[in-house]
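Chain A is the first sequence line, chain B the second, and so forth, proteins listed ahead of strands; every chain is numbered from 1. The structure presented is a predicted model; accordingly, all values stated were derived computationally and were not measured.
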Protein chains: 2
Amino acid sequence: MARKTGSHSQITGPKIRAQAQQLFARHGFAAVSMRQIAAAVGVQAGALYLYTPDKEALLFDLLKTHMDELLAAWAEAPRGTGPMAALEAFVRFHIGFNLSRADAVFLSYMELRNLGPENFAMIESQRRAYETELEDILKAGQQAGAFLIPDTKLATMAIIAMLTGVTTWFREGGRLSRPMVEDIYWDMVRKAVGA
Amino acid sequence: MARKTGSHSQITGPKIRAQAQQLFARHGFAAVSMRQIAAAVGVQAGALYLYTPDKEALLFDLLKTHMDELLAAWAEAPRGTGPMAALEAFVRFHIGFNLSRADAVFLSYMELRNLGPENFAMIESQRRAYETELEDILKAGQQAGAFLIPDTKLATMAIIAMLTGVTTWFREGGRLSRPMVEDIYWDMVRKAVGA
DNA sequence: TTTGATACTGAACGGGTGTTCAGTTAACTT
DNA sequence: AAGTTAACTGAACACCCGTTCAGTATCAAA
């Protein structure tokens with residue numbers, strides 16, 4: 001056997017990325033073999049190398065794509081006027097985006113250490129750019145007197161950690177709906193940065 | 001060569017656990033080989049099996065010891081009277097304990113998935129017990145009217161995620177000292193659960 | 001000083017790893 | 001229908017994996 005009937009790179013390529021993302025998120029990058037990914041796609045291991053130069057590049061592609069989409073989505077997200085509205089927009093955006101892409105979020109926080117130095121630096125700088133978006137909101141609110149924050153950098157890290165944690169416990173169809181979760185988190189954040 | 005001069009199980013045993021913990025935390029359980037651990041200890045791979053039945057048991061031992069110590073330390077931690085004092089005690093305890101054992105904390109949150117079902121269940125139940133300690137404080141404060149929390153379970157997860165995140169950015173000797181970090185986090189938590 | 005327990009080595013086991021590539025078949029173009 | 005390109009196989013490469021074990025050197029006790 002060689003080429004499969006109905007095979008197409010525009011089908012196999014995305015399939016590989018999707019299965020790799022799921023497997024990496026579930027078991028960890030190092031614990032997943034190229035043969036396991038290939039088997040999940042329905043292909044032999046060698047075929048993966050038509051789509052990626054090596055295993056690390058496959059991971060980097062997933063992380064890079066995720067960060068690009070995160071920054072692009074936030075750039076286009078609706079944000080009101082004033083620090084309070086901007087903060088609320090960020091909180092709701094972050095929760096919504098994270099919940100809709102739990103695997104990718106988990107990967108981009110956990111598997112950075114498997115990247116080489118220059119790939120690591122690229123993702124890290126994007127993550128910092130995203131965090132700076134929140135910090136800028138907090139700084140602006142602080143200067144405008146809308147927020148009372150002892151340290152904006154610490155508050156940034158605290159809020160992001162708190163919000164990102166939602167993926168560890170939230171289950172679709174559980175006790176709380178997504179809008180309820182957003183509301184409750186926003187309530188806590190609003191109070192935490194307030195007077 | 002066989003036995004090394006000056007060798008003793010009471011020295012080698014702790015060395016193995018310490019090196020394994022550091023390597024697992026840095027590179028991930030799956031990415032670290034028994035030979036790497038052995039090399040870090042200064043011993044051949046086979047010698048590790050005098051101290052652990054297998055690799056997973058080594059990880060479990062680290063996680064179990066950490067959770068036991070966490071629960072024991074909290075049980076003996078000073079806590080004042082009333083919900084507000086109890087919450088403050090928890091916040092300061094959690095930050096302090098986490099910062100003093102960053103590797104172990106990281107492991108117990110990230111490498112649970114490498115445990116077999118029954119080992120997983122044991123650690124998971126201890127973690128839930130710890131989380132319940134915080135939730136009980138929040139519930140008591142809510143009923144006493146000291147806190148205003150829409151959902152105590154969500155608030156529990158949110159606060160723990162926020163506090164645990166301190167290990168990802170805090171560096172000893174940096175801009176902020178430990179007491180300052182504790183103060184600022186406590187300020188945010190206090191306001192977040194307040195009216 | 002002999003003896004037995006303790007701590008470790010070094011080689012081996014079967015199997016899995018990422019990656020390469022000549023060969024083969026399906027899909028597309030002319 | 002013939003020729004070309006795209007997609008994939010299956011075997012092989014050198015190496016690393018967790019784990020076992022007979023053998024050996026050191027330590028502690030008698």
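Heavy-atom distances under 4.0 Å link DNA chain D to no residue of residues 10-18 of chain B.
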Collect all protein-nucleotide pairs involving nucleotides 17-20 of chain D in which both atoms are nitrogen or oxygen and the distance is under 3.5 Å.
residue, atom, partner, partner atom, Å
D:dC17, OP1, B:Ser33, OG, 3.2
D:dG18, OP1, B:Val32, O, 3.4
D:dG18, OP1, B:Met34, N, 3.4
D:dG18, OP1, B:Lys55, NZ, 3.1
D:dG18, OP2, B:Met34, N, 2.8
D:dG18, N7, B:Arg35, NH1, 2.7
D:dG18, O6, B:Arg35, NH2, 2.9
D:dT19, OP2, B:Tyr49, OH, 2.6
D:dT19, OP2, B:Lys55, N, 2.9
D:dT19, O5', B:Tyr49, OH, 3.3
D:dT19, O4, B:Arg35, NH2, 3.4

Polar atoms only, N or O, under 3.5 Å: list the protein pairs with nucleotides 26-29 of chain C and their distances.
residue, atom, partner, partner atom, Å
C:dA27, OP1, A:Gly6, N, 2.6

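Both the sub-6.0 Å distance and the 45° axial angle are not jointly satisfied by A:Arg101 relative to the ring of A:Phe106.
For residues 33-59 of chain B, there are no salt bridge (Lys or Arg N to Asp or Glu O under 4.0 Å) pairs, not counting sequence neighbours. For residues 113-122 of chain B, every residue pair satisfying the salt bridge (Lys or Arg N to Asp or Glu O under 4.0 Å) rule, not counting sequence neighbours, is listed here: A:Glu111-B:Arg113. Listed by first and then second residue, the salt bridge (Lys or Arg N to Asp or Glu O under 4.0 Å) pairs that reach into residues 83-94 of chain B are B:Glu88-B:Arg92, B:Arg92-B:Glu182, B:Arg92-B:Asp183, sequence neighbours excluded.
A:Arg190 and A:Asp187 are joined by a salt bridge, as a carboxylate oxygen and a charged side-chain nitrogen come within less than 4.0 angstrom of each other. Between A:Glu131 and A:Arg128 there is no salt bridge, since no side-chain nitrogen of the basic residue lies less than 4.0 Å from a carboxylate oxygen of the acidic one.
Phosphate contact (OP1/OP2 of C:dT6, side-chain N/O of B:Ser9, threshold under 4.0 Å): absent. Regarding contacts with the backbone of D:dA7, every side-chain N or O of A:Tyr51 stays at 4.0 angstrom or more from both OP1 and OP2.
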**Report entry** Evaluation steps, side-chain contact (heavy atoms from CB on, under 4.5 Å), between A:Leu87 and A:Val193
**Finding:** CA-CA 10 Å; A:Leu87 182 57; A:Val193 301; 3.7 Å; yes
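Counting to the nearest Å, the P atom of D:dG10 and the CG atom of A:Leu48 are 14 Å from each other. In this structure, CG of A:Leu50 is placed 11 Å from P of C:dT20, rounded to the nearest angstrom.
Remark: A:Glu172 pairs with A:Arg178 by the side chain to side chain donor-acceptor pair (under 3.5 Å) rule, at least two apart or across chains. With sequence neighbours excluded, the residues that form a side chain to side chain donor-acceptor pair (under 3.5 Å) with B:Arg175 are A:Asp151. In this structure A:Phe93 satisfies the ring-ring contact (aromatic ring centres under 6.0 Å, His included) test together with A:Trp74, A:Phe97, sequence neighbours excluded. Applying the side chain to side chain donor-acceptor pair (under 3.5 Å) test to A:Gln22 and every residue at least two apart in sequence or in another chain returns A:Arg26. With sequence neighbours excluded, the residues that form a ring-ring contact (aromatic ring centres under 6.0 Å, His included) with B:Tyr130 are B:Phe90, B:His94.
Axis deviation across the helix from C:dT1-D:dA30 to C:dT30-D:dA1 amounts to 10°, comparing end segments of five pairs, rounded to 10 degrees.
When all heavy atoms of A:Gly194 and B:Lys191 are compared, the closest pair comes out as O-NZ, 2.8 Å.
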